[in-house]
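Just so you know, these numbers come straight off a predicted model, no measurement behind them. Chain letters run A, B, ... following the sequence lines, proteins first, then strands; residues in each count from 1.
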Protein chains: 2
Amino acid sequence: MSHDISHASLILDTNTKQSADAGPRKPGRPKGGRSDQTREIILDAAERLFADRGYDGTSIRDVASGCGLQIHSIGYHFGPKESLFDAVVGRRAEIMTRLRREALDASRKKAGAQTIPVRELIRSYVGPFIKSASHGDPGWRNYAALMGRLANSPLGTEIIAKYYDDTARDYITELQRSLAGAEPEDVVEGFSAMVAAMLGICAATGRPQRLSGRAAPRTPEDSSETLVRFHTAGFLALAALP
Amino acid sequence: MSHDISHASLILDTNTKQSADAGPRKPGRPKGGRSDQTREIILDAAERLFADRGYDGTSIRDVASGCGLQIHSIGYHFGPKESLFDAVVGRRAEIMTRLRREALDASRKKAGAQTIPVRELIRSYVGPFIKSASHGDPGWRNYAALMGRLANSPLGTEIIAKYYDDTARDYITELQRSLAGAEPEDVVEGFSAMVAAMLGICAATGRPQRLSGRAAPRTPEDSSETLVRFHTAGFLALAALP
DNA sequence: ATATTAATTGTACGTATGTATAAAAAATGT
DNA sequence: ACATTTTTTATACATACGTACAATTAATAT
């Protein structure tokens with residue numbers, strides 16, 4: 001129940017969050033405009049718990065005790081549970097979307113009148129996600145696991161549509177352009193397969209490790225190039241005549 | 001809450017399950033050794049609900065009212081909630097595993113001293129699942145959706161390991177044999193990607209339809225050949241020298 | 001100084017949950 | 001015919017849930 005809140009105590013001082021060395025927090029308005037930081041800490045705890053236990057498996061009480069706050073503080077900052085969930089997903093979704101759009105724009109500029117190489121499209125979609133999920137920050141790791149968990153659930157599909165479908169459609173359009181010989185619907189199929197694989201890797205369930213009998217797990221980063229190679233070939237096969 | 005129980009009333013008569021035309025059921029031992037059929041009906045309802053709402057989102061009361069039984073009947077037949085869940089997953093897992101092992105054995109026999117074609121291995125692993133998920137029976141459809149939902153969750157990983165890892169390892173071994181040039185770990189990666197895509201298709205979230213702007217959803221069966229082509233090329237690319 | 005606002009604690013409420021116990025009734029065995 | 005077993009209904013319990021309300025304290029504004 002009470003996981004590490006060390007990063008919280010590193011950022012905030014006595015009267016804002018429960019730190020290891022200070023006593024229990026007292027009520028009252030904390031120094032400075034700390035509301036934003038408190039919100040971030042709540043989101044971090046919720047993100048971790050939603051990833052570990054799922055939406056229905058996580059209670060608001062879990063979130064509160066997970067970041068050393070009282071129950072009502074969560075509702076005070078985020079309203080009902082679904083809004084908190086939306087905020088968790090949306091926070092990093094906007095960052096991820098920005099990274100992808102920047103990469104896509106750069107590729108478009110570089111390609112000019114030509115089509116963008118398929119491998120480059122795959123890399124620029126999958127790369128930012130896998131890099132974020134494997135580069136230190138436990139927040140991003142939890143987020144990636146959460147997205148994997150959400151992928152095939154109704155609630156997840158709904159919120160993924162809200163935050164990710166627009167950019168996905170842009171990538172699909174570009175893939176269809178680069179794969180002129182392929183059926184457009186097959187390209188969508190391939191894109192879905194690619195996303196599913198990406199999420200499966202970042203969910204870090206340990207299954208690949210178990211299936212291969214390896215001692216240590218492969219990091220998502222190690223898997224990245226294999227994934228790109230695998231899916232590039234898959235897409236190109238869709239364009240080739242059957 | 002109260003979904004269709006039509007298939008239940010078709011199979012059983014008055015005093016066994018609540019049918020549309022009969023009054024509320026009375027306590028007492030029903031005619032014939034109906035326990036097995038009651039168990040099946042409970043599993044069907046639980047399967048549908050677990051698929052729709054997830055493990056934590058489904059209560060035992062939901063399952064009971066979903067098949068017209070009292071709460072305690074569920075516990076009577078299956079014990080605690082986790083055991084019910086295990087029974088739901090295990091029931092069709094054993095069927096699926098048998099289908100795959102038969103297909104693999106046939107391929108081995110046919111190949112003799114040769115290696116089995118990659119395409120054939122993919123078809124024989126993915127085919128039975130996709131066929132079951134798209135061939136009429138709503139039970140199998142719910143099951144497939146449930147497996148997709150489970151894929152990246154801790155509880156799901158655990159139970160999938162229990163019922164599916166052994167056969168998965170056999171397929172991976174065979175794939176590694178057929179892809180002599182590939183890194184064994186890359187083959188595991190490709191296998192994981194393939195399974196993720198298979199589950200994503202059968203979860204039927206509607207996302208591919210939304211991303212392509214199609215009016216009607218593609219059935220899993222339609223997607224099957226595309227999936228096989230896509231992943232066959234992916235695997236072969238892992239064997240080719242970089 | 002004083003009033004106002006922001007952010008928190010503490011408590012409470014109605015409902016839902018998993019599980020257990022008791023009772024009842026129909027089928028089966030002798 | 002009667003006792004036993006099986007399967008169900010009915011009820012109960014302790015706990016956990018999401019949300020709401022009231023009280024409290026600190027920072028800010030006037």
Undergrad: Hey, which of R141(B), R39(B), R92(B) is the one that makes salt bridge (Lys or Arg N to Asp or Glu O under 4.0 Å) with D44(B)?
TA: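 Result for salt bridge (Lys or Arg N to Asp or Glu O under 4.0 Å) with D44(B): R92(B).
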Undergrad: Can a side-chain donor-acceptor contact be found between E189(A) and S223(B) if the only test is distance below 3.5 angstrom?
TA: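 Yes, side-chain donor-acceptor contact under 3.5 Å.
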Undergrad: Measure from CZ on R39(B) to C1' on dT7(D) and round the result to the nearest Å.
TA: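 So the two atoms are 13 Å apart, to the nearest Å.
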Undergrad: Output the single nucleotide from dT19(C), dC17(D), dT11(C) whose closest atom is nearest the side chain of K81(B).
TA: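 Selected nucleotide (nearest to the side chain): dT19(C).
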Undergrad: In whole angstrom, give the distance that lies between atom CZ of R61(A) and atom C1' of dT17(C).
TA: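 One finds 13 Å between C1' of dT17(C) and CZ of R61(A), rounded.
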Undergrad: At less than 4.0 Å, is any side-chain N or O atom of S73(B) found next to OP1 or OP2 of dT9(D)? Yes or no.
TA: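 Checking S73(B) against dT9(D): at least one side-chain N or O falls below 4.0 Å of OP1 or OP2.
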Undergrad: Below the 4.0 Å mark, does dT8(C) have OP1 or OP2 next to a side-chain nitrogen or oxygen of T38(A)?
TA: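 Indeed, a polar side-chain atom of T38(A) lies that close.
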Undergrad: Taking only side-chain N and O atoms of S59(A), does any of them lie within less than 4.0 angstrom of OP1 or OP2 on dA16(D)?
TA: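 No.
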Undergrad: Return the value, rounded to whole Å, for the distance between atom CG of D56(A) and atom P of dG18(D).
TA: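 Rounded to the whole Å, the gap is 9 Å.
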Undergrad: Taking the minimum atom-to-atom distance to the side chain of H72(A), which one of dA22(D), dT19(D), dT19(C) wins?
TA: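 Side chain of H72(A) sits closest to dA22(D).
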Undergrad: Using the ring of each side chain (for Trp, its six-membered ring), is Y143(A) parallel, tilted or perpendicular to W140(A), with breaks at 30° and 60°?
TA: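 It falls in the perpendicular class, over 60°.
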Undergrad: Below 4.0 angstrom from OP1 or OP2 of dT8(D), is there any side-chain N or O of H77(B)?
TA: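 H77(B) to dT8(D) OP1/OP2: side-chain N or O found under 4.0 Å.
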Undergrad: Please assess F85(B) against F78(B) for the test side chain to side chain contact (heavy atoms under 4.5 Å, CB included), listing each intermediate value before the final yes or no.
TA: CA-CA 9 Å; F85(B) 187 70; F78(B) 292 99; over 6 Å; no
Undergrad: Atom CD1 of I71(B) and atom P of dT11(D): how far apart are they, to the nearest Å?
TA: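 For the pair I71(B) CD1 and dT11(D) P, the rounded distance is 11 Å.
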Undergrad: To the nearest Å, give me how far apart OH (Y76(A)) and P (dC21(D)) are.
TA: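 Answer to the nearest Å: 16 Å.
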Undergrad: Distance check: side-chain N/O of T58(B) vs OP1/OP2 of dT17(C), anything under 4.0 Å?
TA: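 T58(B) to dT17(C) OP1/OP2: no side-chain N or O under 4.0 Å.
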Undergrad: Please find out if less than 6.0 Å separates the ring center of Y171(A) from that of F191(A).
TA: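 Ring centres of F191(A) and Y171(A) not closer than 6.0 Å.
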Undergrad: Quickly work out the Q37(A) CD to dA6(C) P distance and round it to whole Å.
TA: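 Checked: the CD to P distance equals 18 Å.
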Undergrad: In whole Å, what is the span from the CD1 atom of I60(A) to the P atom of dA20(D)?
TA: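 Roughly 10 Å, once rounded to whole Å.
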Undergrad: Determine: side-chain N/O of Q70(B) to OP1/OP2 of dA10(D), distance under 4.0 Å, yes or no.
TA: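 Indeed, a polar side-chain atom of Q70(B) lies that close.
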